[in-house]
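Only one structure is covered here, and it is reproduced in the block below.
Proteins get letters first, then strands, A, B, ... in listed order; numbering begins at 1 in each.
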Amino acid sequence: MTTAEQIKPFAIRALKELYDVDLSESELTVTPTRPEFEGDYTLVLFSFVKQIKKSPEHLGKEIGDCLVKMSPEFFRSYNVIKGFLNLTLSDSHWINFLKENFSDNKFGVIAPVGNKVVVEYSSPNTNKPLHLGHLRNIFLGWSISEILKAQGNEVVKTCVVNDRGIHICKSMIAWQLFSNGATPESANTKGDHFVGDYYVKFNEELQKQKNDLIANGMNKEEAEKETPVMKAAQQMLLDWEAGKPEVIDLWKKMNGWVYEGFDTTYKRIGAGFDKMYYESGTYLLGKKFVEEGLKLGVFFKKEDGSVWIDLTAEGLDQKLVLRKDGTSVYMTQDLGLAEEKYRDYHYDQSIYVIGDEQNYHMKVLKLIMEKLGKPYADGIYHLSYGMVELPSGRMKSREGTVVDADDMVDEMAAVAKQKTEELGKVKDFSQEELEELYDTIGLGALKFFLLRVDPKKKMVFDPEESVDFHGFTGPFIQYTYARIRSILRKEDITDESKVFIDDTATPLLNLEKQLIISLEQFPAMIQQAAEEHNPSVLAIYVFNAAKLFNTFYTEHSVLNAESAGKKQLRLQLSIMTANIIKTATALLGIRVPERM
RNA sequence: GGUCCGGUAGCUCAGUGAAUAGAGCAACUGCCUUCUAAGCAGUAGGUCAUUGGUUUGAAUCCAAUCCGGAUCACCA
């Protein structure tokens, strides 16, 4: 039980005894006292001042007296400032909390409760490599999965690969035209980049052919459709759907190259999936929904044979669910896939990590499921995130301003290497250990940078700022961890000394207590992050905790403490801080080094 | 035009009913014979887009306005 939860029943009892008013716990505001005031926890008095008709100051005094009288061993003292009753708890309360929890390296993590969640993230197209936007998606998806696990959910990480369609045909056409049979191996290029290069070549060729046609007097829209390359791509898509063997073979070959490239990247950044879905295998599944929906009267057919749903009553538009030629659209596929996922996992919740440009689409998807009476409709949740922009504005592939994921990771590791060498603290590391450290730090910086912002909001990625490893950054937190580990390496903590804190540990100093109170908040922070589907809650929390530890560290010595009791207390504080940093960063997908 | 999201320090972001609005970066001052200075302490920097309303109390809730973005495809 948290301290705030322990205080509330006392306050409720006091209010009942003093004024005969009944209040529930949710009507009380109890928060950690701001550092600039004296006290540990604060009861906000304003909310019931009206009901009781006494001045806040008067109320505070009476309640404070009553609480101290009720349980002097819990409440040590109080003060009232304006409408705030600041309570100071006994040192033994804090020391007991520390004693019971400091060695628990799963502090804040809840055992499974049987709730099943499917998280879909990454979901790349197979015609080009991953970029910075994908990284935000992947880190978010991974992190929210881990956070939900820590809250007792069983999580299945899934990835839906968009492996079919006109985009991959474009790369295939360009490869046929320009490659002379080149492979990623022969070109010494990572597979996804290799295929992406042909996608670029396709567009270059398209532009060229288009300009020729326009020069010959054709208008723009017509020219786009009439170019030989575009016609070839369209034809290839038809051949693919018809299952033409040589097209399928080429498609498999090129997608294989892309997957090899993706796997390398996923492995490097520490992402992974329990289950892969391929659109080529699921894109037809949604069609049976159309019949079902028509039978139920949820969908209707227009004269030309196309099928729609009317959502005007919900304030939305009419939405197409099947083309007049009987082929499926994006929505049809997503309906089928949702059903497929449910059949595979019988989830309670299905989270889609998808950019906010698809808010409308996801809203419609959920609504259609509800109208069809699907039991899983309620569990559909769109974890919508904003675009990543550059200081110069939006990333545009046409202008070549897209930041490539692999380049980004390499660059961050390179910066980590350079800074590590400048500082020269790990000269005894082997080459292998160094490489691992650079990746740990570089990726830590990148992940933290992308996760520290509220997912809903679009964010600006400033390359200059991202390579700064000071302040509100991943390396700052990693550094704090390494610092603590350095202390603990010097001290062999035996089982007996682990729990024994003698009287010389008290009175608790300000920073000692502040740190304990900060550590105590961790489980509530995981819960909040899970409820809000927002990893930035943890990023901000762990930064503040690390910051507070660093202040404490410079003010008070752990190993050369004033007394044996103080030393034990501070060792336990250090251990618990390290445990929490390790858990919190792991929930963000960030590793922490023993030394750096 | 409809719908949704956003506007807080020079920049990037916290804070969504409570105390004197906070961090980081950038600028400026200090602190390494003492547990890792990727650190710590300090100075300076704000009409919380604007106007009106609700409230004991508003950056936070409501309304209107201004500015920015997304979306409203028989594309995915």
Could you run down the sub-3.5 Å N/O contacts of the protein with nucleotides 7-16 of chain B?
residue : atom : partner  : partner atom : Å
B/C13   : OP1  : A/Val460 : N            : 2.7
B/A14   : OP1  : A/Asp454 : N            : 2.9
B/A14   : OP2  : A/Lys457 : NZ           : 3.2

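You'll find the ring centres of A/Phe549 and A/Phe552 inside the 6.0 Å limit.
In this structure, A/Lys54 places its NZ atom where more than 12 heavy-atom neighbours from other residues, nucleotides or ligands lie under 6.0 Å away. Counted within 6.0 Å of NZ on A/Lys225, heavy atoms from surrounding residues, nucleotides or ligands total 12 or fewer; the atom is thus considered open.
Judged as a side chain to side chain donor-acceptor pair (under 3.5 Å), and not counting sequence neighbours, the contacts of A/Lys61 are A/Asp65.
With 3.5 Å as the limit, one finds a donor-acceptor pair spanning the side chains of A/Asp163 and A/Ser280.
Of all nucleotides present, only B/A64 satisfies the Watson-Crick or G-U wobble test against B/U50, with each distance under 3.5 Å. Across all strands shown, nothing is found opposite B/U36 as a Watson-Crick or G-U wobble partner with both distances under 3.5 Å. Remark: B/U3 base-pairs with B/A70. Criterion, Watson-Crick or G-U wobble with two distances under 3.5 Å. Using Watson-Crick or G-U wobble geometry with both donor-acceptor distances under 3.5 Å, B/U43 finds its partner in B/A27.
The aromatic ring of A/Phe84 is not stacked on the base of B/A18, since the criterion of ring centres less than 5.5 Å apart with planes inclined by under 30° is not met. Here A/Phe46 lies parallel enough and close enough to stack on the base of B/A18, with planes under 30° and ring centres under 5.5 Å apart.
One N or O donor and one acceptor, one from the side chain of A/Ser306 and one from the base of B/C74, sit under 3.5 Å apart.
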